[in-house]
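What follows is a short report on a single structure.
Chain letters run A, B, ... following the sequence lines, proteins first and then strands; every chain starts at 1.
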Number of protein chains: 2
Amino acid sequence: MWSLLGDMIRPDEDLDKASYRILKERTGLDDVFLEQVHTFGNVKRHPGGRVITTAYYSLININDHQLNFPDNELHWHPVSEITEMAFDHKDILEICLNQLRNKVEEHPVVFNLLPKKFSLRELQSLYESILETKLDRRNFRKKFFLTEWLVDINELEQDVPHRPGKLYKFNHAKFPHKSHGIS
Amino acid sequence: MWSLLGDMIRPDEDLDKASYRILKERTGLDDVFLEQVHTFGNVKRHPGGRVITTAYYSLININDHQLNFPDNELHWHPVSEITEMAFDHKDILEICLNQLRNKVEEHPVVFNLLPKKFSLRELQSLYESILETKLDRRNFRKKFFLTEWLVDINELEQDVPHRPGKLYKFNHAKFPHKSHGIS
DNA sequence: TCAAAAGTGTTCGCTATACACCCATGT
DNA sequence: ACATGGGTGTATAGCGAACACTTTTGA
């Protein structure tokens with residue numbers, strides 16, 4: 001059974017820093033959005049002994065980042081195909097997914113998953129994947145333009161087998177702080 | 001400077017159980033609503049050495065429960081009067097308060113703070129205290145009756161120096177599970 | 001009779017939703 | 001020409017916010 005990526009925090013290390021370090025050590029991924037979710041502390045959750053785990057989720061564009069560490073048995077899996085996991089990791093996954101779904105409704109975190117330039121189609125597909133739902137295209141566009149999260153960069157998609165869509169970028173000016181995780 | 005109540009988890013103790021135990025040991029309070037909020041793990045957050053703290057908040061009716069342990073220096077304080085706290089406890093307080101405020105908007109947790117029978121006035125005052133805002137009485141009542149969280153028990157307030165209000169109780173039938181914390 | 005809070009409806013603006021047709025491009 | 005998705009507007013329903021007068025009780 002699969003389990004989630006994790007490791008021990010060091011005695012002289014901030015908890016948030018530890019999550020970044022572990023993600024980087026195990027996957028090579030760096031400079032990504034990472035958010036704490038919940039701490040799991042049942043005595044019997046790990047058969048090998050007492051382990052308290054603070055769970056974080058990260059948003060990573062699977063197309064941009066190859067996992068260059070095949071030896072450590074890391075793989076991408078669609079969450080919809082995960083049925084069982086080791087330990088209590090299925091619970092952890094569910095809670096993280098819920099938090100992500102709540103988060104994307106109000107905060108512009110999904111742009112961590114998109115290239116610098118993207119079409120509204122890509123953005124909508126991403127929301128539909130995360131929320132596991134179908135959205136109305138006209139309403140989706142209307143809503144997004146109201147948020148002012150997007151900047152029209154006056155470019156069109158290339159090499160698409162249909163009418164090309166406009167490309168947008170994330171409106172950094174609207175979010176001068178970094179809480180959304182987009183650098 | 002004041003600090004929040006806390007203690008060490010035991011090696012053989014669930015994290016949630018530890019929060020209950022510590023609350024009970026220090027205050028005598030039992031069978032209350034307690035919810036995990038966030039885990040604070042900066043290395044330098046405690047001058048005496050590395051401490052990782054998982055914060056919980058609880059809802060306790062201050063009128064029902066006396067703090068019977070004056071020796072351990074526990075006191076109730078209005079959060080509005082808290083300006084400084086020891087360590088990073090002000091941060092913890094703020095984050096807990098935010099989570100509580102979000103929670104009460106959607107979940108019937110405030111009934112933990114009310115007696116079995118209560119008036120709409122009491123309920124509204126409680127919301128106004130938690131949210132630090134004034135609410136319109138007609139809209140408040142309308143909204144609450146739509147939630148169906150309340151059951152009219154056909155009693156009136158006693159000994160009030162004005163027209164007595166109807167009394168209500170929490171609608172347990174609507175929430176058969178215990179996630180709201182009300183026993 | 002006065003003070004204090006209880007009880008009660010309507011209007012308005014905003015938001016979410018449902019829905020259909022023409023357009024631009026590549027094959 | 002055809003297939004594919006891009007781009008666009010309107011109508012409706014539901015929700016939240018604003019708002020004032022009469023009623024009941026105790027003092």
Side-chain angles (χ1 to χ4, degrees), chain A residues 63 101-108 110-111 114-171 174, chain B residues 63 101-108 110-111 114-171 174:
Chain A
N63 300 312
R101 286 177 178 148
N102 290 329
K103 187 88 179 184
V104 298
E105 304 268 17
E106 311 251 6
H107 302 273
V110 297
F111 300 101
L114 291 168
K116 293 258 188 235
K117 308 171 179 183
F118 51 85
S119 66
L120 278 171
R121 179 79 208 138
E122 290 172 288
L123 183 60
Q124 182 174 344
S125 297
L126 182 51
Y127 269 87
E128 289 177 341
S129 298
I130 292 172
L131 301 174
E132 282 186 315
T133 183
K134 280 289 166 195
L135 301 171
D136 179 87
R137 210 164 81 251
R138 279 174 290 191
N139 294 336
F140 182 84
R141 299 163 92 87
K142 202 187 317 169
K143 183 174 158 186
F144 256 90
F145 291 131
L146 285 174
T147 64
E148 296 182 343
W149 291 358
L150 300 182
V151 179
D152 184 343
I153 58 173
N154 285 309
E155 291 183 47
L156 296 178
E157 286 178 296
Q158 303 290 334
D159 303 317
V160 287
H162 53 74
R163 174 174 173 178
K166 281 180 156 186
L167 294 177
Y168 298 85
K169 67 182 177 75
F170 176 63
N171 185 2
K174 178 108 187 171
Chain B
N63 299 313
R101 287 175 178 150
N102 290 329
K103 186 88 177 184
V104 298
E105 304 269 18
E106 310 252 7
H107 302 273
V110 297
F111 299 101
L114 291 169
K116 293 256 188 239
K117 306 172 181 183
F118 51 87
S119 67
L120 278 172
R121 179 80 209 138
E122 290 172 288
L123 184 60
Q124 183 175 342
S125 297
L126 181 51
Y127 270 87
E128 289 176 343
S129 298
I130 292 172
L131 301 175
E132 281 186 316
T133 181
K134 280 288 166 196
L135 301 171
D136 179 87
R137 211 164 79 251
R138 280 174 289 192
N139 294 335
F140 183 83
R141 298 162 93 87
K142 202 188 317 171
K143 183 174 159 186
F144 257 90
F145 291 132
L146 284 174
T147 65
E148 296 182 342
W149 291 358
L150 300 181
V151 178
D152 183 345
I153 57 174
N154 284 311
E155 291 182 47
L156 295 178
E157 286 178 296
Q158 303 289 332
D159 303 316
V160 287
H162 53 74
R163 174 173 174 180
K166 282 180 155 187
L167 293 176
Y168 298 85
K169 67 183 177 73
F170 176 63
N171 186 1
K174 178 108 185 171

Results of side-chain contact (heavy atoms from CB on, under 4.5 Å) for Glu132(B) - residues two or more places apart only: Ser80(B), Arg101(B)
Nucleotide range of DNA chain C lying under 4.0 Å from chain A heavy atoms: dT17(C) to dG26(C)
Hey, what are the protein-to-nucleotides 8-17 of chain D N/O distances that come in under 3.5 Å?
| unit_1 | atom_1 | unit_2 | atom_2 | d |
| --- | --- | --- | --- | --- |
| dT10(D) | O4 | Lys142(A) | NZ | 2.9 |

Minimum side-chain heavy-atom gap Leu123(B)-Phe111(B) below 4.5 Å: yes
Interatomic distance where CG belongs to Leu135(B) and C1' belongs to dA18(D) [whole Å]: 13 Å
No-H, no-angle donor-acceptor pair, Arg163(A) side chain to dT4(D) base, under 3.5 Å: no
Closest-nucleotide ordering on DNA chain D, the 5'-leading residue of Leu167(A) and Pro161(A): Pro161(A)
Leu126(B) and Val104(B), any side-chain heavy atoms less than 4.5 Å apart: no
Partners meeting side-chain hydrogen bond (donor to acceptor under 3.5 Å, both in side chains) with Glu148(A) (sequence neighbours left out): Lys174(A)
Expected output: side-chain Glu105(B) to main-chain Asn102(B) donor-acceptor under 3.5 Å: no
Under the side-chain hydrogen bond (donor to acceptor under 3.5 Å, both in side chains) test, residues paired with Asp136(B) that sit two or more places apart: Asn139(B)
Could you go through residues 160-169 of chain B and list every donor-acceptor pair under 3.5 Å that involves a side-chain atom there, pairing it with any protein atom two or more places apart or in another chain?
| unit_1 | atom_1 | unit_2 | atom_2 | d |
| --- | --- | --- | --- | --- |
| Lys166(B) | NZ | Asp152(B) | OD2 | 3.0 |

Gap between atoms CZ and P, on Phe118(A) and dG6(D) respectively (whole Å): 14 Å
Degree of bending in the helix from dT1(C)-dA27(D) to dT27(C)-dA1(D) once both end axes are built from five pairs, to 10°: 0°
side-chain hydrogen bond (donor to acceptor under 3.5 Å, both in side chains) partners for Asn171(B), two or more places apart: none
Least distance between heavy atoms, Tyr127(B) atom then Trp149(B) atom: OH-CZ3, 3.6 Å
Residues forming a side-chain hydrogen bond (donor to acceptor under 3.5 Å, both in side chains) with Lys143(B), sequence neighbours excluded: none
Phe144(B) side chain near Thr147(B) side chain, heavy-atom distance below 4.5 Å: yes
Residues in side-chain contact (heavy atoms from CB on, under 4.5 Å) contact with Ser129(A), at least two apart in sequence or another chain: none
Members of residues 148-156 of chain A that approach DNA chain C, where some heavy atom sits under 4.0 Å away: none
Pair listing, salt bridge (charged side-chain N to carboxylate O under 4.0 Å, His left out) test, anchored in residues 153-162 of chain B, at least two apart: Lys117(B)-Glu155(B)
